[in-house]
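These figures come from a predicted structure and were not determined experimentally.
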Amino acid sequence: MSGLGLHKKTTELEKLDGSVERVTFHSEESGFCVLRVKVKGHRELVTIIGSMPNIVAGEWVVAEGDWIVDKQHGRQFKSESLSSMPPESLAGIEKFLGSGLVKGIGPVYAAKLVAEFGKDIFDVIENRSSLLERIPGVGRMRRILIKDGWNETVTIRAIMSFLLSNGVSTARAFRIFKQYGTEAIKKVQADPYCLSRDIRGIGFKSADQIAMNMGIEKDSELRARAGVEHVLQEVTKEGHCAFPREQLIEKTVDILNIPEEIVATAVDYGLKLGRLVEEQDSDSGLQLIYLRKLYLAEVELTKDLKALAVGQHPCPPIDIKKAIIWCQEKIGIELAPAQCEALALAVTEKVVVMTGGPGVGKTTLVNAIIKVLAAKKLKVVLAAPTGRAAKRLAETSGCKATTIHRLLAFDVRTGGFKHNKETPLAGDVFVIDESSMLDIQLAHQLVCAIPTSASLLLVGDVNQLPSVGPGSVLRDIIKSDMFPVERLTHVFRQAAQSHIVTNAHRINSGEMPIPGAADVNSDFYFIEVEDAEKGADTVVQMVRNNIPKKFGLNAINDVQVLTPMHRGAMGAQNLNIKLQAALNPKGDTIERFGYTYRVGDKVMQIENDYDKEVFNGDIGLVESIKMDDQEIVVIFDGRSVTYSFNEVDELVPSFAITIHKSQGSEYPCVVIPVHTQHYMMLQRNLIYTAITRGRKLVVLIGTWKALSLAVKRVDAHQRITTLAGKLRIES
């Protein structure tokens, strides 16, 4: 493990070496560190500042640099070259191993290992790990954990050193190791742009910086090809499935600052290689360029939807009028005319869409359809895109419901879903709730796994925000006019008594909401606060004090802050810091990736993790932080999920989340900051989506001007998709 730090040749610099007693500060992003070091010849500890990819107490450091006097911190040794190696003294070795650097070793086991093996402990772990089982409490499992943890640490430190020497953040070294293993550095040296394609959290600029440091020319073909794919990946984050060729070239030229002809050649190369696909849009006539996976998803979803719509419905012919009368007796509710029409479609048509806002009876209708189909002994499968939506579907229907991801069943061996066209799902009728959240890839994977003998019922609110991922599947299916669509618009009397429901429909119609007076019992309030900083403090006050006191709700479990943006005083990042300090100020804590995680914190999963079976948007509570094992345990809907400290970048604090991340979820109470500082994001479907997430109480905090702006602004951002056009084309 010697030489794990960063080395630079220097001249006429003073040299210090010694044992790190304390790491005062270390940035995982930049590597900058402040160390307190025991140096021979110095009575007091020496403060050394410099850059190291990773450093822990007990290590021996060698620093080359000069002495400086800092106005605030006094005399320090500023290093230009800083490297580390394992300690040689027994005390240093024990401190080093007990630092939490290696999984399976904490202070207690560090003391036992050093007492047993002395200075040979590093060699024992690396080459003779079976001897570790001599130590009481170290069985086969812990021995393997220690051995694997040591190997992982050595490799990750090498990656971190490589990244830092190329001027790049080291915080994602574990992700690189997890993706590429021991071949990581070799792979990155061959094509540094693979980092921006494969590693979440590493952007194109960082990969480009490594490439430049490695001597890759600014106008090289490799850089141009990577730039084209980078631009396409970026536009998919805006929801597009493809991008016009001319605009793609123009954007890439702007980013790379290289001649247009080089970029055009790179596009042609991607097409020739099959990584990109070009097709003329039948509606606009534009030449569109797709990433291959998105093009195939659109094409295959088109084929599968058309194939699914053909043939006999699995429900045998029934007398609809009698079925409706029977159903109404069973559920004790009289169905509205539109609900009756939808029920008739659901038992006769193979692919049906039902859409409508809050209070229009979607839940009642789904339950009625399930009753009729179950009476005919059909297997009805209920699913939704998110865990919370699936849980709510199960609660309202009284039947089992699951997420689409769990329904399709991820296969760790193949990296794909177990259920597909070759191994279809079992079921007669598939009911998919919150289908406005379906992106093009998930929709494709779902529909291809539904047997052609079955039927599909898509239920959702087309006026909500579109999916987080690329595509606008529900909107495109409706737009195609190829499948029957039932639009539910009648708001039932009981629902109309809720200000949440009536105001949601007012907003959807372009009218301003009518808030309840502060002294009146209502479920919808607006609190005017002009200053954004004061607005943030008001959010905290409402969540911590006012709402729990007046409505008897739990501040952490029942109240969710939904904000239009990440940044700004009333953005998710700042609000999370304030809410964590107000609601959960004490407890075991770790800091990773720029966030503080504490036992009792509310956190959100921000990527699909099929191994752990937690998915983007799932919210849980931190149950425990295990320093010895370097693990954090989070409870999701009663299920414990364990993350290593290196994996916690999958989690972000979620006392406050963006409105986009709330899709498919409902909460007893939502608090919605709406301020002119959110100007870029303010639009009707954003506010409509946020308000419809609240089940019992909605509180908006901000300015009436900002709310008015949002209500008036219809989303002008049209996603570039061609699903509707493809569905219309005769096959």
Side-chain angles (χ1 to χ4, degrees), residues 327 330-333 339 342-343 346 352 354-356 358-410 417 419 425-438 442-443 445-446 449-450 454-461 464 474 488 495 557-558 560 604-605 608 610 612-621 634-641 661-670 692-696:
C327 184
K330 286 287 182 183
I331 63 176
I333 296 173
Q339 290 176 311
L343 193 152
V352 178
M354 288 186 345
T355 183
V360 297
K362 294 194 299 292
T363 299
T364 299
L365 177 55
V366 168
N367 291 343
I369 291 168
I370 292 170
K371 289 278 186 196
V372 172
L373 295 172
K376 293 298 177 181
K377 309 299 183 188
L378 296 177
K379 181 178 180 180
V380 181
V381 179
L382 305 180
T386 67
R388 284 187 170 240
K391 186 178 180 181
R392 193 175 71 252
L393 179 59
E395 288 170 352
T396 56
S397 67
C399 302
K400 181 184 175 184
T402 184
T403 64
I404 295 170
H405 292 98
R406 289 198 177 97
L407 179 68
L408 295 174
F410 187 73
F417 290 113
H419 292 290
L425 294 159
D428 299 308
V429 179
F430 291 79
V431 179
I432 309 301
D433 200 12
E434 295 287 356
S435 53
S436 62
M437 295 182 66
L438 287 172
L442 185 59
Q445 289 159 333
L446 169 68
I450 295 175
S455 69
L456 171 64
L457 174 59
L458 297 170
V459 183
D461 185 349
Q464 285 188 26
L474 183 64
L488 303 175
N557 296 326
D558 297 332
Q560 183 61 57
M604 173 180 275
Q605 178 79 13
N608 292 331
Y610 296 101
K612 293 181 173 60
E613 288 199 333
V614 283
F615 304 103
N616 192 352
D618 287 354
I619 288 181
L621 289 174
V634 181
I635 300 291
F636 292 97
D637 286 328
R639 189 171 67 93
S640 294
V641 179
K661 285 290 188 183
S662 72
Q663 288 173 263
S665 298
E666 273 190 2
Y667 312 92
C669 169
V670 295
T692 55
R693 301 307 89 205
R695 196 163 60 242
K696 297 179 181 177

When rounded to the nearest 0.5 angstrom, what is the spacing between [atom1] in [X] and [atom2] in [Y]?
X: Q464; Y: S436; atom1: CD; atom2: OG; result: 4.5 Å
X: I450; Y: L456; atom1: CD1; atom2: CG; result: 4.5 Å
X: M437; Y: S665; atom1: CE; atom2: OG; result: 7.0 Å
X: Q445; Y: H419; atom1: CD; atom2: NE2; result: 13.5 Å

For the student: nearest non-hydrogen atoms of [X] and [Y], plus distance:
X: A454; Y: G427; value: CB-O, 3.6 Å
X: Y667; Y: I619; value: OH-CD1, 4.2 Å
X: D618; Y: F636; value: O-CE2, 3.6 Å
X: P385; Y: T403; value: O-CB, 4.5 Å
X: H405; Y: L442; value: NE2-CD1, 4.0 Å
X: R639; Y: V614; value: NH2-CG1, 3.6 Å

Between M604 and K661, is there a side-chain heavy-atom distance shorter than 4.5 Å?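 Yes, side chains in contact.
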
Heavy-atom check, side chain of L457 versus side chain of M354, under 4.5 Å: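 They are in contact (side-chain heavy atoms under 4.5 Å apart), so the answer is yes.
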
Determine whether V381 and L425 satisfy the following criterion, side chain to side chain contact (heavy atoms under 4.5 Å, CB included), listing intermediate values before the conclusion. CA-CA 10 Å; V381 179; L425 294 159; over 6 Å; no

Has the side chain of N608 got a donor or acceptor atom that lies under 3.5 Å from a matching backbone atom of F615?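 No: the side chain of N608 does not pair with the backbone of F615.
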
Ignoring hydrogens and angles, tell me if any N or O in the side chain of T402 forms a donor-acceptor pair with the backbone of A383 under 3.5 Å.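 Side chain of T402 to backbone of A383: no pair is present.
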
Pair L393, V431 - check side chain to side chain contact (heavy atoms under 4.5 Å, CB included), show working. CA-CA 10 Å; L393 179 59; V431 179; 5.5 Å; no

Apply side chain to side chain contact (heavy atoms under 4.5 Å, CB included) to residues C399 and V380 and explain how you reach the verdict. CA-CA 9 Å; C399 302; V380 181; over 6 Å; no

Could you label the plane-to-plane angle of the F417 and F410 rings as parallel, tilted or perpendicular, counting under 30° as parallel and over 60° as perpendicular?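 Rings of F417 and F410: perpendicular, over 60°.
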
Sequence neighbours excluded and cut-off under 3.5 Å, please list the side-chain donor-acceptor pairs for residues 358-378, or say none.
unit_1, atom_1, unit_2, atom_2, d
K362, NZ, G356, O, 2.8
K362, NZ, G357, O, 3.0
N367, ND2, T363, O, 3.4
N367, ND2, T396, O, 2.9

Taking only residues at least two apart or on different chains, which pairs with a member in residues 384-402 satisfy salt bridge (charged side-chain N to carboxylate O under 4.0 Å, His left out)?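 As it turns out, the salt bridge (charged side-chain N to carboxylate O under 4.0 Å, His left out) pairs with a partner in residues 384-402, which skip direct neighbours, are K391-D637, R392-E434, R392-E666.
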
Residue pair D558, C669: steps toward the side chain to side chain contact (heavy atoms under 4.5 Å, CB included) verdict: CA-CA 6 Å; D558 297 332; C669 169; 5.7 Å; no

Would you say K696 has more than 12 foreign heavy atoms packed within less than 6.0 Å of its NZ?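 At most 12 heavy atoms, drawn from other residues, nucleotides or ligands, come within 6.0 Å of this atom.
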
